[in-house]
Amino acid sequence: MELKPHDLIKLSSLRDGFLTEEHELPQWAQNSLQASPYVVVRRAPFRGEYIPVGVRGKKRSERFGFYISKRDISEVISPIQLQESFPSKERQHLKAFQTLKRVRDILQTEERWGLGGSVGFELATGIETVKETSDVDVILYKEDAVNIKKARELLAYLDDLQSRVDISVETKFGSFSLMEYCSKESFLLKTIEGPKLIQKPFFS
């Protein structure tokens with residue numbers, strides 16, 4: 001099983017087998033995992049059988065990175081699997097989910113894309129994490145060069161929707177913001193070794 005950044009992992013156990021840079025998980029992280037035993041794969045080097053993951057709390061400032069054993073995996077949900085997932089009827093009125101309807105229409109020509117962030121998390125787990133102010137985080141998976149003209153057209157289509165749509169592009173080299181790529185001569189590439197400033201053109 002190849003795990004990639006943004007993949008959601010459901011934990012089979014909350015035993016004391018996690019690796020952290022500190023002595024233990026913060027209390028808020030422990031509470032979050034008790035309520036919702038899901039973590040997200042981080043962009044960081046693996047440590048043998050240990051996988052870099054992150055957990056989110058209720059507050060925006062509550063983010064914590066640590067490592068889990070492959071033995072603790074119960075289920076893996078990739079962003080691509082969420083393309084055709086839908087919220088409960090009681091949650092469909094939220095701006096982010098209304099925006100998602102249009103996003104699906106606009107991305108019909110894209111072969112490989114998925115959903116991350118709070119929208120992806122709620123669709124995958126059923127746990128209510130989306131708020132009225134939530135963005136829609138979209139991940140595009142690209143093996144070839146990004147066509148600037150088509151990318152700008154895509155961003156223009158998405159610019160006038162109810163909620164902000166944030167698109168990141170995943171490549172074999174790392175990940176970058178599509179908005180930044182289209183608007184600047186250099187852009188930040190997120191890699192497992194850390195962020196790197198890259199000049200265009202990129203892997204063309």
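In this text, all values refer to a predicted model and were calculated from it rather than measured experimentally. Worth knowing before you read on, the calculation uses all heavy atoms, side chains too, and leaves out hydrogens, waters and symmetry mates.
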Could you pull out the closest heavy-atom pair between Ser69 and Tyr50, with the gap in Å? N-CD2, 3.6 Å
Identify the heavy atoms of Ser163 and Ala96 that sit nearest to each other, and give their distance. OG-N, 3.2 Å
Counting N and O atoms only, with roles assigned by atom type, does the side chain of Glu62 sit under 3.5 Å from a partner on the main chain of Lys58, one being a donor and the other an acceptor? yes
Can a salt bridge be assigned to the pair Glu49 and Arg71 using a cut-off of 4.0 Å between side-chain N and carboxylate O? yes
Kindly indicate whether the side chain of Lys4, heavy atoms from C-beta on, has any atom under 4.5 Å from the side chain of Val41. no
Answer yes if Phe86 and Val103 sit in the same cluster of Ile, Leu, Val, Met, Phe, Trp and Tyr residues linked by side chain heavy atoms under 4.5 Å apart, and no otherwise. no
Got Tyr141 and Pro79 here, is their nearest side-chain heavy-atom distance under 4.5 Å? yes
For the atom pair CG (Leu94) and OG (Ser118), what is the distance rounded to the nearest 0.5 Å? 10.0 Å
With heavy-atom distances below 4.5 Å as the criterion, would you say the side chains of Val138 and Asp166 are in contact? no
Roughly how far, to the nearest 0.5 Å, is the CG atom of Leu140 from the CG atom of Leu178? 6.5 Å
Heavy-atom closest pair (Pro87 atom, Gln92 atom, distance to 0.1 Å) is O-NE2, 3.7 Å
So, taking the atom named CG in Leu107 and the one named CZ in Arg112, what distance separates them when rounded to the nearest 0.5 Å? 14.0 Å
Distance from Lys172 atom NZ to Glu143 atom CD, nearest 0.5 Å? 8.0 Å
Do Ile127 and Val136 sit in one hydrophobic cluster, given that two such residues count as connected whenever their side-chain heavy atoms are within less than 4.5 Å of each other, even indirectly? yes
Quick one: closest heavy-atom pair of Ile73 and Ser12, and the distance? N-OG, 4.1 Å
CG of Asp137 to OG of Ser168, rounded to nearest 0.5 Å, is 7.5 Å
Judged by modelled atom types alone, do Gln162 and Thr99 share a side-chain donor-acceptor pair under 3.5 Å? no
Nearest heavy-atom approach of Gly120 to Leu82 is O-CD1, 3.4 Å
Tell me, do Ile139 and Ile80 make a side-chain contact under 4.5 Å, heavy atoms counted? no
Quick check: closest heavy atoms across Gly117 and Arg56, and the distance to 0.1 Å? C-NH1, 3.7 Å
Could you tell me whether the side chain of Thr125 and the main chain of Phe121 form a donor-acceptor pair under 3.5 Å? yes
Apply side-chain hydrogen bond (donor to acceptor under 3.5 Å, both in side chains) to Glu180 and list each qualifying residue two or more places apart in sequence or on a separate chain. none
I want to check something: taking the side chain as every heavy atom from C-beta on, are Thr171 and Phe176 in contact at a cut-off of under 4.5 Å? yes
With sequence neighbours excluded, tell me which residues meet side-chain hydrogen bond (donor to acceptor under 3.5 Å, both in side chains) with Arg91. Glu122
Are Phe46 and Val55 joined in one hydrophobic group, where the rule is that I, L, V, M, F, W and Y side chains link up if heavy atoms are under 4.5 Å apart? yes
Evaluate the criterion side-chain contact (heavy atoms from CB on, under 4.5 Å) for residue pair Val76 and Leu3; output intermediate values, then yes/no. CA-CA 8 Å; Val76 178; Leu3 294 167; 3.8 Å; yes
Identify every side-chain donor-acceptor pair in residues 188-198 under 3.5 Å, counting partners at least two apart or on other chains, and give the distances.
| from | atom 1 | to | atom 2 | distance (Å) |
| --- | --- | --- | --- | --- |
| Thr191 | OG1 | Glu193 | N | 3.1 |
| Thr191 | OG1 | Glu193 | OE1 | 3.2 |
| Thr191 | OG1 | Gly194 | N | 3.3 |
| Thr191 | OG1 | Gly194 | O | 2.6 |

Pair Asp105 + Arg102: basic N to acidic O under 4.0 Å: yes
Test item: Val39 and Leu33 side chains (from C-beta on) under 4.5 Å apart, heavy atoms: yes
Salt bridge (Lys or Arg N to Asp or Glu O under 4.0 Å) contacts in which one or both residues fall within residues 78-88, not counting sequence neighbours: none
Compare all side-chain heavy atoms of Leu115 with those of Leu100 and state whether any distance is below 4.5 angstrom. yes
With sequence neighbours left out, the residues meeting side-chain hydrogen bond (donor to acceptor under 3.5 Å, both in side chains) with Glu132 are none
Enter the distance from Ser175:OG to Lys142:NZ here, rounded to the nearest 0.5 Å. 13.5 Å
Set of side-chain hydrogen bond (donor to acceptor under 3.5 Å, both in side chains) partners for Asp135, sequence neighbours left out: Arg164
Find out whether the Lys NZ or Arg CZ of Arg42 is both under 6.0 angstrom from the six-membered ring centre of Phe66 and within 45° of the ring's axis. no
For Ser134 and Lys131, indicate whether the former's side chain and the latter's backbone hold a donor-acceptor pair under 3.5 Å. yes
Which is it for Trp113 and Arg104 under the side-chain contact (heavy atoms from CB on, under 4.5 Å) test, yes or no, and what are the steps along the way? CA-CA 10 Å; Trp113 65 274; Arg104 285 196 172 101; 4.0 Å; yes
Decide yes or no for Phe97 and Leu123: does some side-chain heavy atom of the first lie under 4.5 Å from some side-chain heavy atom of the second? yes
